[in-house]
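Report on one structure; see the data block that follows.
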Amino acid sequence: MVDAVSPDRPLAVELRGVCKWYDEFQALKDIDLQVRQGERTVVCGPSGSGKSTMIRCINRLEEHHGGEIRINGESVELYEARPHLIRQRVGMVFQQFNLFSHMTVVENCCLGPIKALKLGRAEARERAMHYLEKVRIPEQADKYPSQLSGGQQQRVAIARALCMSPQIMLFDEPTSALDPEMIQEVLEAMIALAEDGMTMICVTHEMGFARTVADSVVFMDRGEIVEQAPPSEFFTAPRSERTRAFLDKIL
Amino acid sequence: MSAGRPGQRARWRPGAVDWLLLVGLAVFAGYVYYQLRHVLVYRWDWQSVLQFFAYRDEAGEWQQNLLLAGLEATLRIAIFSAILSLVLGLVLALMRVSSRLWPRMVARTYVELVRNTPPLVFLFIFYFFISAQLFPVLGIDRVIAALAESDSALVLWLLGDPRLVENLVVGILCLSCFEAAYVSEVLRAGIESVGKDQREGALAVGLTGTQTMWHVVLPQAVRIVIPALVGQLITLVKDTSIMSIISIQELAFSAQEVAVSTDRVFEVWILVALIYFVICYALSALSRRLELRRAVGR
């Protein structure tokens, strides 16, 4: 079990009235979300509800069109011309792993630290091996991504993100593309990360993970946050009809 | 068809179509032989052409003659143009995938202009207008003159006969500007075939857009288009022959001179065709080996 986060911690991520459109379609409607440092937030909801779009706005892979996003108290607008500075502090793990297919595992992990953080090769490699051990996959360091299983690739992707020493980690359905028998190994790596006190926002349908790890569960539907509650409340006494309908379907 | 054991090629057995083709070929070869032997009564004279590659001077030393000098110039033009058109092509390709409008527009206009005019026409325009008007303005003609006068061994080795340096450099620039348009299209196709996931993966670890392009997208793009690039290189080698039209003294130009002065038209052009074939075939063989290695590794 992971310890709860006290409410007087400073905010790591804050969304206030965030809106986003794709042409006529409004993908995000007035999103308010607060994530404190060290807090684990799980975001769930039906597909197309804007979960991925929301977290991709946080690390600037998408632009938002209204409202404000603050990271550690700083508005992301300050970094409009240099979004890479935000991404160096906010790591992301993708559904499809997005490993660089022309590089070995350890090269994947070293690229960011060497090019973005200007670390020396030896230091970057040392750091990469440290995190590869953390996700329990150091023996695959010199293989190419295509030689690994999906679960192994996703663990490499987690290590790659951690190599940048991010303050916040975003997970975009990290287990959705995996075969069932590989989901557990990835979840274990994420749980270990949570136990180390990482601030995490996870878009996932793994309700077991939400129950054990999350401080707070957010339910999104049609671009809105419908409900946000601690897991104990969320799963036993959902307030909204839409949440209940969703939970009935997936549990 | 019997299934061969793995690693063993199935034995080829000729069928009816194969025999038909074979007979057809034999008849055609016989016809050509008959025409040459009994109708045209052409008297082959390879010796008088071969001496235009190299001859022995009075002292008994081998001296390079027109055709060999032309081949040398062709190789120089091909090699330097390959490098230069790759660089220019890369710049154009990067401009074409830029997020800004004006580099995209400039590059697109250039590529479309070049690709939709015949090489010969482009060459005339480039030669008479651009190289005659633009070079003096940019000071390139002074660079060329300095190169021609330089007696450094390196320049001599790279550019050959000092009297023909200007001729050679103009040829290289013309061809490079022309081929760069095609190279850029190949590279752009490669860049666009690298998945969005790779780009986002690189951005997500904090790389800038430029770093993402340079370290993640381009290496994969180039790998994908290497066969197409080698194909373009082969075209480039063949296109050097167009340079003869603006009096660049490469192989086709020398061949024309020799053909006119000796009247041995068949011999000269057959030999020259053979030379181009050997170079281009070697390149495509190289390309096949590269592809094979790519298929085996990963």
Side-chain angles (χ1 to χ4, degrees), chain A residues 52 55-56 58-62 79 81-104 107-119 124 128 143-147 153 156-166 169-172 177, chain B residues 86 89-90 93-95 97-104 186-230 287 289-298:
Chain A
S52 292
I55 65 166
R56 286 164 60 89
I58 295 172
N59 78 339
R60 312 315 291 150
L61 285 178
E62 305 275 356
Y79 295 92
R82 308 186 313 288
H84 58 279
L85 295 181
I86 292 177
R87 299 187 195 116
Q88 287 171 14
R89 283 175 281 164
V90 183
M92 185 174 228
V93 174
F94 298 87
Q95 182 176 358
Q96 301 292 344
F97 329 132
N98 295 22
L99 294 176
F100 311 131
S101 49
H102 64 305
M103 294 182 180
T104 61
E107 285 167 350
N108 262 277
C109 295
C110 287
L111 186 68
I114 290 174
K115 298 302 169 191
L117 304 181
K118 310 289 178 205
L119 251 54
K143 288 196 180 163
Y144 283 91
S146 58
Q147 296 169 299
Q153 288 190 49
V156 171
I158 293 172
R160 180 177 75 177
L162 291 177
C163 281
M164 294 295 292
S165 311
M169 283 284 286
L170 308 173
F171 292 83
D172 189 1
Chain B
L86 211 59
L90 181 61
L94 291 176
M95 283 168 78
V97 298
S98 161
S99 56
R100 293 193 185 84
L101 181 64
W102 73 263
R104 256 192 349 250
V186 171
L187 285 175
R188 184 178 66 100
I191 289 170
E192 283 173 358
S193 71
V194 174
K196 191 174 159 218
D197 64 312
Q198 296 289 311
R199 240 179 72 77
E200 288 190 343
L203 291 176
V205 289
L207 265 56
T208 63
T210 313
Q211 287 171 330
T212 298
M213 177 56 76
W214 203 250
H215 299 294
V216 175
V217 178
L218 265 185
Q220 298 188 56
V222 169
R223 226 167 274 208
I224 293 167
V225 297
I226 275 185
L229 277 179
V230 176
S287 157
R289 286 196 53 167
L290 280 176
E291 268 176 83
L292 217 65
R293 232 183 45 193
R294 236 163 39 122
V296 171
R298 295 200 277 140

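Owing to the predicted nature of the structure, the values given are computational and were not obtained by experimental measurement. Sequence lines set the chain letters: A, B, ... in the order given, protein chains first and strands last, and positions in each chain run from 1. No hydrogens, no waters, no symmetry mates; every other heavy atom, side chains included, goes into these values.
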Which answer fits [X], side chain, backbone, both or neither, if we ask what part of it has an atom under 4.5 Å from a heavy atom of chain B?
| X | result |
| --- | --- |
| A:Phe94 | side chain |
| A:Arg89 | neither |
| A:Leu61 | side chain |
| A:Val93 | neither |
| A:Leu85 | neither |

For B:Gln211, is it the side chain, the backbone, both, or neither that has a heavy atom closer than 4.5 Å to a heavy atom of chain A?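 For B:Gln211, side-chain heavy atoms alone lie under 4.5 Å from chain A.
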
B:Leu207, B:Val216, B:Val217 screened by side-chain contact (heavy atoms from CB on, under 4.5 Å) with B:Arg199, the one that passes: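 Looking at B:Leu207, B:Val216, B:Val217, the match for B:Arg199 under the side-chain contact (heavy atoms from CB on, under 4.5 Å) is B:Val217.
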
Mind listing the closest non-hydrogen atom pair of A:Cys163 and A:Pro113 along with its distance?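 Looking at all heavy atoms of both residues, the closest pair is O-CG, 3.7 Å.
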
Among residues at least two apart in sequence or on other chains, which ones pass side chain to side chain contact (heavy atoms under 4.5 Å, CB included) with B:Leu86?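 Checked B:Leu86 against side chain to side chain contact (heavy atoms under 4.5 Å, CB included); matches are B:Val183, B:Leu229.
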
With B:Ala221 via side chain to side chain contact (heavy atoms under 4.5 Å, CB included) - residues at least two apart: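 For B:Ala221 the side chain to side chain contact (heavy atoms under 4.5 Å, CB included) partners, ignoring immediate neighbours, are B:Ile191, B:Val194.
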
Reported CZ-to-OG distance for the pair B:Arg223 and B:Ser193, which is rounded to 0.5 angstrom: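 Between B:Arg223 CZ and B:Ser193 OG, I get 13.0 Å after rounding to 0.5 Å.
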
Nearest 0.5 Å, what's the OH-CD distance between A:Tyr79 and A:Gln88?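 Going from OH on A:Tyr79 over to CD on A:Gln88, the span is 10.5 Å.
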
So which residue, B:Ala202, B:Gly209, B:Gly195, ends up with the most heavy-atom pairs under 4.5 Å with chain A?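 Top option by heavy-atom pairs under 4.5 Å: B:Ala202.
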
